[in-house]
There are 4 protein chains.
Amino acid sequence: MTTFVNLLELEALAKPRLPIAVFDYFAGGAHDEITLGANRHAYDAIALRPRVLVDVSHRDLSTTLLGATLAFPVLVAPMALQRMAHTDGELATARAVTSLKTLLTVSTLSSVTAEDIRAACALAPWFQIYVHQDRALTEAMLARVSACGYGALVLTVDTPVLGRRERDVRNTFQPPPGVAFANMMAGKGAATTGSSDKDSALAMYFAARHDASVTWKDLAWLRRVCPLPLVLKGVMRGDDAKRAADHGVDAVIVSNHGGRQLDTAVPTIRALPEVAEAAGSRMPVLVDGGVRRGTDVLKALALGARAVLVGRPVLWGLALDGEAGVARVLTTLRDELDIAMALCGCASVADIERDLVVT
Amino acid sequence: MTTFVNLLELEALAKPRLPIAVFDYFAGGAHDEITLGANRHAYDAIALRPRVLVDVSHRDLSTTLLGATLAFPVLVAPMALQRMAHTDGELATARAVTSLKTLLTVSTLSSVTAEDIRAACALAPWFQIYVHQDRALTEAMLARVSACGYGALVLTVDTPVLGRRERDVRNTFQPPPGVAFANMMAGKGAATTGSSDKDSALAMYFAARHDASVTWKDLAWLRRVCPLPLVLKGVMRGDDAKRAADHGVDAVIVSNHGGRQLDTAVPTIRALPEVAEAAGSRMPVLVDGGVRRGTDVLKALALGARAVLVGRPVLWGLALDGEAGVARVLTTLRDELDIAMALCGCASVADIERDLVVT
Amino acid sequence: MTTFVNLLELEALAKPRLPIAVFDYFAGGAHDEITLGANRHAYDAIALRPRVLVDVSHRDLSTTLLGATLAFPVLVAPMALQRMAHTDGELATARAVTSLKTLLTVSTLSSVTAEDIRAACALAPWFQIYVHQDRALTEAMLARVSACGYGALVLTVDTPVLGRRERDVRNTFQPPPGVAFANMMAGKGAATTGSSDKDSALAMYFAARHDASVTWKDLAWLRRVCPLPLVLKGVMRGDDAKRAADHGVDAVIVSNHGGRQLDTAVPTIRALPEVAEAAGSRMPVLVDGGVRRGTDVLKALALGARAVLVGRPVLWGLALDGEAGVARVLTTLRDELDIAMALCGCASVADIERDLVVT
Amino acid sequence: MTTFVNLLELEALAKPRLPIAVFDYFAGGAHDEITLGANRHAYDAIALRPRVLVDVSHRDLSTTLLGATLAFPVLVAPMALQRMAHTDGELATARAVTSLKTLLTVSTLSSVTAEDIRAACALAPWFQIYVHQDRALTEAMLARVSACGYGALVLTVDTPVLGRRERDVRNTFQPPPGVAFANMMAGKGAATTGSSDKDSALAMYFAARHDASVTWKDLAWLRRVCPLPLVLKGVMRGDDAKRAADHGVDAVIVSNHGGRQLDTAVPTIRALPEVAEAAGSRMPVLVDGGVRRGTDVLKALALGARAVLVGRPVLWGLALDGEAGVARVLTTLRDELDIAMALCGCASVADIERDLVVT
């Protein structure tokens, strides 16, 4: 097994294990990758003001989220086609998440079926969806998701069209043979979609099928066809967060899609405070993008997040060592958070207050 | 044809296609090229706050400008001597602009005559002028411009004297054989002007002929000898914008001449808000300098511009592939704007509001 | 003897003299070493506003601290295992400090016994402690410290758990043969503690013995078992400083443990003003971390510190030339402070006022 | 003759012409040379807001200073031992300054006598002095200066002790054979002063002779023994500027000695506004440090300076080509200012107003 000390060194370790087009698909962002980089660097620019002489001999990292209890406030973000990273794909990720007693979010574009992933999880995972122009297709998917016991529906709202990821354009990225969108109906999967020498397969898939007309009004339809709690992923503004709460949304995720959609979008950790303030106590707020250190998690919680989602490092761990690699990624982040809390004088996540950080 | 994915890579692609002195003339700026670089970087420092769950299934990028309708809010900036980039010169640029249904601004110092360029355009182009010490010469030029159907007059106001472009000084830049200022009268063109081994030909031309005494009072004379709408290019301050509106100017362009005149002049996108505020609804404001991404166009519109002008990338596209190269440059920028609008929740340019950006 | 002109070049000079694992242990910080670097760079970002035409023909650099008079306001910070740098270890440091008439702070984890170090000092040194889970062990240590004439007790409060120093993790750092925690009882010293191929020896030692439950209430116990003045090291916030004063603490040291504990903790010189303001005249405030120049000392004093502590440069001086090396480090810093005071118009440390600096 | 296009490239051009110790003496600054660099970069961080449509067909760059009229607002700063740069030394500089109709300031430590330099100038130069512990020596010097027709006395107030210039320490800098402090009495010149293998000759000279006790009260003595207008060089604070005006000082120069004295002193262009505000209309304010571009001069004037002083570029010009080199340096700066004024809409220095710059 490849050893690693922290999550920041993972990308370089994983790179030689993957075809370059796959690596680029996972690692890359939109356009100049300014938001991709800024998501990360924004954390380093936030300083901590540790509190001393607090009894931190026992730390409790657990948190609750839509009724579930997580051992620590870190979820795995929805990421497509994980079998490109490791033959076990989403199943390995699900098992690692389960072993660490935290929560998985599953991508609509997973390379293992939603049912199989669900079966690998103890805690009910969340299912991420896009709305297709063919609403019947979406409804069918939602029916499956409800049926097999997912815990929440995560509607991605930052992707009315697909961001231009230039690495994928240059690579004319396509999933490698044998890896497909497992949740698509027969004859509608990736294998039959959008091969081209001019653009990425994903871009063509989106252009052909995705519905860019979805608005707040469609949330009522979603709730009607799917009884699960509804989470919006990609909310970056206080006014949209307020609107979400007004529409009875159960949680929002501050996300810019890991810098893969709108380049120069504000870094998520900088958007978090206004979203958290707008949400108030009406719904929990989560954040993703750039989380690599336990101190990042602590900063996000101090700035109003209930939990964070981690993405790419999970893929790198998966590429390096399957389930064990993912487990080590999550363990590392958990243990770093544990130390960070101790060093900040926080015995539980409830102790992580706003005045621990200077922005 | 040379392929390219974005406008930022064009300069490096075009460089080997051009004599170094021509490349330097096009690419360079005044003195230390601080404003040249800052124009660009200032855009990257502006962050976007995307709005979600808006119906953006159909986007309308069109705008109107002095009565004309443009398919998207990007004009081509006035640039001299385009036959240095490609044998078709300004004609190729004009045809590309026409095919994209947007608007061309033509330089006084064009290497094809104003009449021939006009004939290549569908939408009436704008004509950029400097005022010569010999006012009769200027009046003759204005008469030609009015006669052949230009849509507006663009008076450059940031060039009472020519900025010191050290690349041109070092190269003792002169237009290559066969490329001349086509609009000059016989015997007064570039070929007979200012060859020297000590300074650039353009610098000598300016020193000899240009009128540095032009003031607001001269606008009345301009209006009298030329009935076209009058646009001022190079307005960088709110007080000057107000003065322009008070003098009945029809539009202003926030411009520092692409960093070619006064080095360390404030980046245009930072000057834009005060100019737009001063202009209010009295006249439209445009901006040029550093626009390379669709998000840049969106940011400019959010900060008060009606449209932007793009310069150097057009020259690089021209150098690479003539009309087709220019068309691809404009198409790329248009398509990026289209995606940026979708991702920001804007179905039309009217939806691009101030609160989409954080400066 | 290796010559050096300033303290900044010492690290590179000392590096080849030390085993890499020892060098890394001394030089390194927690995680990404952001705080380690920021401690230093924060000083460079503070500008000085010199005052002119003051009589500075005679400068008095002396200060008083808990009743002692120091020739200049620079103490040596507590640092473990100095025999790793030079065979004379803490004794060389103590002799150099004594020759310069300033004050030593001694680490609990010294490689020479507290009694022997004390004997090498003229001015009563301060003794730094951690609280062990085995309180009897701590009490025994405190009894020894009181008995042999230390001047104050320095309780480190920024280390409820040990920060993760990745260099040490990678090196599976252990003290070299023959260097041990000299103050530990027989059979409980480093030689018998925590050898492992997975983590640093120090980390294992801490995890096994350290008490992370110490709170403000335990200060009363400390005072009862040890009559020495009590100093808290690692106070980074105004509210904690106020609490310290309320608990009768005699002095606080603004410290983030040289960037070795909580990475991205705010640089000490930036935390100093709020701590100094909270302390007011109730107790003196000291600061460590990143002090390398005489101007740094002056800036710290201007921002409210009574004195500073210098750490790593002392180790590098020790590695280069034992006692003489340490003496030269302290002399250099003293002489730079002397010049800085003259150039700022300060004849004594009392003249170093807040308005000399711009932050 | 070595050609050059701007003042920024001069240092690299001059370096091979000079012994390294001489180059370092001229080029270097105190300690880490942070102020040396910041003086320069602070100008680049100031942006210009050009005004348009002003008649700038004729520009008047002249200014007045203590009754003298300068062709443009740039003086040559006092610099020691110019014969190290060129055999003609200060005489070449004086002739160039005279040919350009501006003003020279002469260093006490010149390598040509004050009398000979005076004779080479049309406009009465200013004489810079330090106060010696031996006041009779100073009085004798002042008597010579008054007698031979200098225009003002410039008292350097930023050098109660000499700043530590580490390049000179490393080089154990000494003037080369044949270059001496020409104004010193026989037997007290550089040749007999302070040779050492441990420190620079200048540092030893200062330590032995300079008077660090000079205060505001001594200005009365200075005025009594020397009737010339009195200028203070090295004032960096508004309160000291006010004090200067209260003591009847005739002008102040905002200076940090080119970054050679107190490292991390605030850049001069940032100190200028508070000094100018404090001076009001009571006395003119000048500034030196980092001026390399015509736009720098314009910025300094916009921020309240009557004129600037330029230092090192003059030495480089001198090293490259003697009088002609210095003349070209001054001509370049003058011509750049001329263009900058035109491009900012300023026909005279009086038009250079505060709102032309954004800091």
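Order of the sequence lines sets the chain letters (A, B, ...), proteins ahead of strands, with each chain counted from 1. Since the model is a prediction, treat every value here as computed from it, not as a measurement.
Summarising the local packing, CD of A:Gln133 is surrounded by more than 12 heavy atoms from other residues, nucleotides or ligands at distances under 6.0 Å. Within 6.0 Å of CD on B:Glu9 lie more than 12 heavy atoms contributed by other residues, nucleotides or ligands.
To the nearest 0.5 angstrom, B:Asp44 atom CG is 3.5 Å from A:Ile34 atom CD1. Considering CG of A:Asp211 and OG of B:Ser57, their distance stands at 7.0 Å, rounded to 0.5 Å.
Looking at heavy atoms from C-beta onward, A:Asp158 lies out of side-chain contact with B:Pro50 at the 4.5 angstrom threshold. Looking at A:Arg170 and B:Thr3, their side chains never come closer than 4.5 Å, going by heavy atoms from C-beta outward. Using a 4.5 Å heavy-atom threshold, the side chains of A:Asp32 and B:Leu8 count as touching. Counting only heavy atoms from C-beta outward, the side chains of B:Arg51 and A:Asp239 approach each other to under 4.5 Å. Counting heavy atoms from C-beta outward, A:Val214 and B:Leu53 have side chains that approach closer than 4.5 Å.
Most heavy-atom pairs under 4.5 Å with chain A, from the set B:Arg293, B:Glu336, B:His58: that is B:Arg293. Listed options A:Gly234, A:Ala265, A:Ala271 were ranked by heavy-atom pairs under 4.5 angstrom with chain B; first place goes to A:Ala265. Top candidate by heavy-atom pairs under 4.5 Å with chain A, chosen from B:Leu48, B:Ile46, B:Val54, is B:Leu48. Among A:Lys217, A:Gln261, A:His31, the residue making the largest number of heavy-atom pairs under 4.5 Å with chain B is A:His31. By number of non-hydrogen pairs under 4.5 angstrom with chain B, the leading residue of A:Asp263, A:Asp218, A:Asp240, A:Val266 is A:Asp240. Between chain B and the residues A:Arg270, A:Glu166, A:Met236, the most heavy-atom pairs under 4.5 angstrom are made by A:Glu166.
Of the atoms belonging to A:Leu162, it is backbone heavy atoms, and not side-chain ones, that fall under 4.5 Å from chain B. With a threshold of 4.5 angstrom between heavy atoms, B:Arg292 does not approach chain A through any atom at all.
A salt bridge is defined here as a Lys NZ or Arg NE, NH1 or NH2 lying under 4.0 Å from an Asp or Glu carboxylate O, and A:Arg237 with B:Asp355 meets this definition.
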- Task: Please step through side-chain contact (heavy atoms from CB on, under 4.5 Å) for the pair A:Thr264 and B:Lys299, ending with a clear verdict.
- Result: CA-CA 10 Å; A:Thr264 72; B:Lys299 290 170 186 178; 3.0 Å; yes
- A:Val161 and B:Leu343: side-chain contact (heavy atoms from CB on, under 4.5 Å), yes or no, with the steps? CA-CA 7 Å; A:Val161 301; B:Leu343 296 181; 3.8 Å; yes
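Contact record, A:Pro160 with B:Ala342: CG-O, 3.3 Å, taken as the closest heavy-atom pair.
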